[in-house]
Amino acid sequence: MLKDKNIVLGVSGGIAVYKSVDLVSRLKKQGANVDVIMTEAATKFVTPLTFQTLSLNPVYIDMFGEPKNYDVEHISLAERADLFVIAPATANIIGKIATGIADNLLTTTVMATKSKVIFAPAMNTNMYLNPIVQKNISYLKELGYEFIDPGTGMLACQTYGPGRMAEPVDILQYILDSFYNKDLRDKKIIVTAGPTIEPIDPVRYITNHSSGKMGYRIAEESAKRGAETILISGPTHMEPPNNVKLIKVNTTKEMFNVVEKYFSDCDVLIKAAAPSDYRPKNVSETKIKKKATKKDELNIEFIRNPDIAAHFGKIKGDKIIVGFAAETNNLLKYAEKKLKDKNFDFIVANDVSKTGAGFKSDTNIVTIIENEGKFKEYPIMDKSQVAKIILDKIVSLLDAKAR
Ligand code: PMT
């Protein structure tokens, strides 16, 4: 994933340096070339040899030391960087960079680079919350520097609170996301995900088996590709993806109302949710009690919920709407009908009775159907891969519209 990428890792002095050792190892496994610059203070925690051994490169520390190459090191490192990461970033290093101080190799190289710079702060909670540090962070953010927020927990100084450097796995993910093709930048995408639930009484409801996985993977991919992403989700156990505005709903009517709120402003609506088509006509205010009837039956009357996709399909104008069809038989026939009836640009049909497809699983088996009966069947693949295919298609449609 990071082949041919040059990452310059600035390491300043804090106990979290040990995590940066792990980060270097992870970056190398992704194929990156890693150049490490350490501050003098950082070398007190971990020896340069550790970073040198893992990065397979010399480690840079001293502005005026014996040169490792015959070029001006801070300039060549600055120019070589496809991405500059400072982890751990101490209050001191953040403060120096925010005020333009360039008094060691790390700060000088940051000053000279044109690449994106990402800070992973690590420090004592009181230091992190200190208004001076917070002001420096805000100022650097304003200038376009990026920050990976520290976690909250028990710190080495035995205080509890924010300040613990983000985990190497999360920093790596942030780095990988930074190199993502931002082909949906400036676009606004709404994704609906998960089931809806329709109450019968205060303790019971009807719903379906949707876990939200398909919709959440789409929202994740959309955000990674730079789209402003609004994820409207029924109840799920899913972790919200990064950089996504998550709005939680329960019922189909609630989902409809939230889509309505954001629709006029969006470019794309992706309807991966499985909203309940019906809801109980009357919701009992109290728990329905068992009755000793002769038939032992309980009849609940249902009425139709709004069809969100069909409603917005009618008024979509030049927006793109992508639908899903969850079927157990006659996949193509039913999906094609939904494509036309709901005015989708294309529909992602999945036979939810197949193993590895549809509800709950991490994989899906889909057929994408476009207008004029054009369709393509895909083999079983991860839902994140399906998400990529869907968003690739959306990018092509947006490009075609822009022409
Ligand atoms: O969430 P997972 O566990 O990962 O499962 C994924 C999934 C099976 C839910 C997903 O792949 C999927 O197929 N979603 C659509 C489920 C569905 O409701 O399909 P449908 O054929 O009943 O509806 C057709 C389309 O109309 C869908 O885009 C649906 O979101 C939309 N619809 C349906 C009913 C309704 N009242 N309003 C709608 O907008």
Side-chain angles (χ1 to χ4, degrees), residues 190-198 206-221 231-241 249-260 262-263 268-279 302-316 319-369 378 380-387 389-390 394:
I190 301 175
V191 183
T192 69
T196 59
I197 59 173
E198 303 293 344
I206 61 156
T207 187
N208 57 60
H209 293 294
S210 172
S211 63
K213 283 181 184 171
M214 190 65 251
Y216 276 60
R217 293 289 80 88
I218 295 170
E220 184 175 44
E221 177 71 12
L231 173 59
I232 305 169
S233 170
T236 73
H237 297 290
M238 299 290 293
E239 278 290 315
V249 296
N250 284 316
T251 65
T252 297
K253 277 209 285 187
E254 284 170 19
M255 187 172 273
F256 180 97
N257 290 339
V258 181
V259 173
E260 187 169 50
Y262 292 97
F263 185 73
V268 181
L269 168 64
I270 307 174
K271 292 282 308 104
S276 263
D277 285 318
Y278 292 89
R279 66 178 184 277
F302 287 92
I303 53 167
R304 279 296 293 268
N305 263 329
D307 189 316
I308 308 168
H311 174 86
F312 291 99
K314 281 197 192 98
I315 55 164
K316 75 174 185 181
K319 298 180 197 311
I320 291 171
I321 305 190
V322 176
F324 272 74
E327 309 293 348
T328 53
N329 56 318
N330 289 328
L331 182 70
L332 290 185
K333 187 173 153 213
Y334 291 150
E336 233 179 318
K337 181 164 167 29
K338 284 174 186 168
L339 170 75
K340 290 202 181 88
D341 290 352
K342 304 194 188 202
N343 201 16
F344 291 138
D345 289 78
F346 64 90
I347 192 161
V348 185
N350 42 190
D351 181 340
V352 293
S353 66
K354 279 191 185 161
T355 308
F359 298 120
K360 289 196 172 116
S361 69
D362 291 330
T363 56
N364 208 349
I365 306 166
V366 302
T367 302
I368 295 188
I369 310 170
Y378 291 86
I380 185 166
M381 59 179 80
D382 255 35
K383 283 182 173 165
S384 49
Q385 194 58 37
V386 175
I389 291 169
I390 292 170
I394 288 171

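We count ligands from 1, going down the list as the structure has it; atoms in each ligand are counted the same way. This structure is a prediction, so every number in the text was calculated from the model and none was measured.
Across all non-hydrogen atoms, the minimal contact from Tyr216 to Pro240 is CE2-CA, 4.2 Å. What you find for Val322 and Ile390 is that their closest heavy atoms are CG1-CG2, 4.4 Å. Val249 and Pro235 make their closest contact through O-CD, 3.5 Å (heavy atoms, listed as atom of the first residue, atom of the second, distance). The two atoms that bring Ile218 and Ile270 nearest to each other are CG2-CD1, 3.6 Å, heavy atoms only. Shown here for Ala326 and Val352, the closest heavy-atom pair between the two residues is CB-CG1, 3.8 Å.
Counting only distance, with no hydrogens or angles, the side chain of Thr192 and the backbone of Ala273 share a donor-acceptor pair below 3.5 Å. With hydrogens and angles disregarded, a donor-acceptor distance shorter than 3.5 Å links the side chain of Asn208 to the backbone of Ala274. The closest donor-acceptor contact from the side chain of Lys213 to the backbone of Phe359 lies at 3.5 Å or more, if one exists at all. Without hydrogens or angle criteria, Asp345 side chain to Ile321 main chain gives a donor-acceptor distance under 3.5 Å. A donor-acceptor pair under 3.5 Å is absent between the side-chain atoms of Ser276 and the main chain of Arg279, judged by distance alone. Side-chain N or O atoms of Asn350 include one that pairs as donor or acceptor with a backbone N or O of Ala325 at under 3.5 Å.
In this structure, atom 34 (C) of ligand 1 lies nearest to the protein heavy atom Asp277 OD1, 3.1 Å. In this structure, atom 28 (O) of ligand 1 lies nearest to the protein heavy atom Lys271 O, 2.7 Å. Protein heavy atom at the shortest distance from atom 19 (O) of ligand 1 is Ala326 N, 3.5 Å. In terms of protein heavy-atom proximity, atom 20 (P) of ligand 1 is nearest to Lys338 NZ, 3.6 Å. Looking at atom 6 (C) of ligand 1, its nearest protein heavy atom turns out to be Met214 CB, 3.6 Å. For atom 1 (O) of ligand 1, the nearest protein heavy atom (residue, atom name, distance) is Ser210 OG, 2.6 Å. Considering only non-hydrogen protein atoms, atom 18 (O) of ligand 1 sits nearest to Ala274 CA, 3.3 Å. For atom 24 (C) of ligand 1, the nearest protein heavy atom (residue, atom name, distance) is Phe324 O, 2.9 Å.
For ligand 1, the polar-atom distance check finds an N/O of Ala309 within less than 3.5 Å of one of the ligand's N/O atoms. Between Thr252 and ligand 1, not a single N/O pair is under 3.5 Å apart. The distance criterion of under 3.5 Å between nitrogen or oxygen atoms is met by Gly212 with respect to ligand 1.
Residue Phe359 approaches ligand 1 through these ligand atoms, each under 4.0 Å from one of its heavy atoms: 3 (O), 5 (O), 8 (C), 9 (C). Listed by number with element, the atoms of ligand 1 under 4.0 Å from a non-hydrogen atom of Lys360 are 2 (P), 3 (O). Listed by number with element, the atoms of ligand 1 under 4.0 Å from a non-hydrogen atom of Gly323 are 28 (O). Close approach of ligand 1 to Ala325 is summarised as follows: ligand atoms under 4.0 Å from at least one heavy atom of the residue are 21 (O). Those atoms of ligand 1 with a heavy atom of Asp307 less than 4.0 angstrom away are 35 (C), 36 (N), 37 (N), 38 (C), 39 (O).
Within the structure, the closest approach of Arg217 to ligand 1 does not fall below 4.0 Å when heavy atoms are considered. Contact annotation: Ser361 has no heavy atom less than 4.0 Å from any atom of ligand 1. Assignment of Asn305 to the shell around ligand 1 is not supported, since no heavy atom sits closer than 4.0 Å.
The residue from Ala273, Ala193, Pro275 that puts a heavy atom closest to atom 32 (N) of ligand 1 is Pro275. Closest to atom 37 (N) of ligand 1 by heavy atom, among Asp362, Asn350, Ile308, is Ile308. With distances taken over non-hydrogen atoms, the option nearest atom 14 (N) of ligand 1 out of Gly215, Ser211, Ala272, Gly358 is Ala272.
Considering Lys333, Lys338, Lys354 in turn, Lys338 is the only one that fulfils the salt bridge (charged side-chain N to carboxylate O under 4.0 Å, His left out) rule with Glu327.
For Pro195, no heavy-atom contact with ligand 1 is shorter than 4.0 Å. Using a 4.0 Å cut-off between heavy atoms, Lys213 contacts ligand 1 through both its backbone and its side chain. The part of Pro306 lying near ligand 1 is the backbone, judged by heavy-atom distances below 4.0 Å.
Environment of NZ in Lys316: crowded, with over 12 heavy atoms of neighbouring residues, nucleotides or ligands closer than 6.0 Å.
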Side chain to side chain contact (heavy atoms under 4.5 Å, CB included) for Val386 and Met214? Distances and angles first, verdict last. CA-CA 8 Å; Val386 175; Met214 190 65 251; 3.7 Å; yes

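Residues Glu198 and Thr252 have side chains that bring a donor and an acceptor to within less than 3.5 angstrom of each other.
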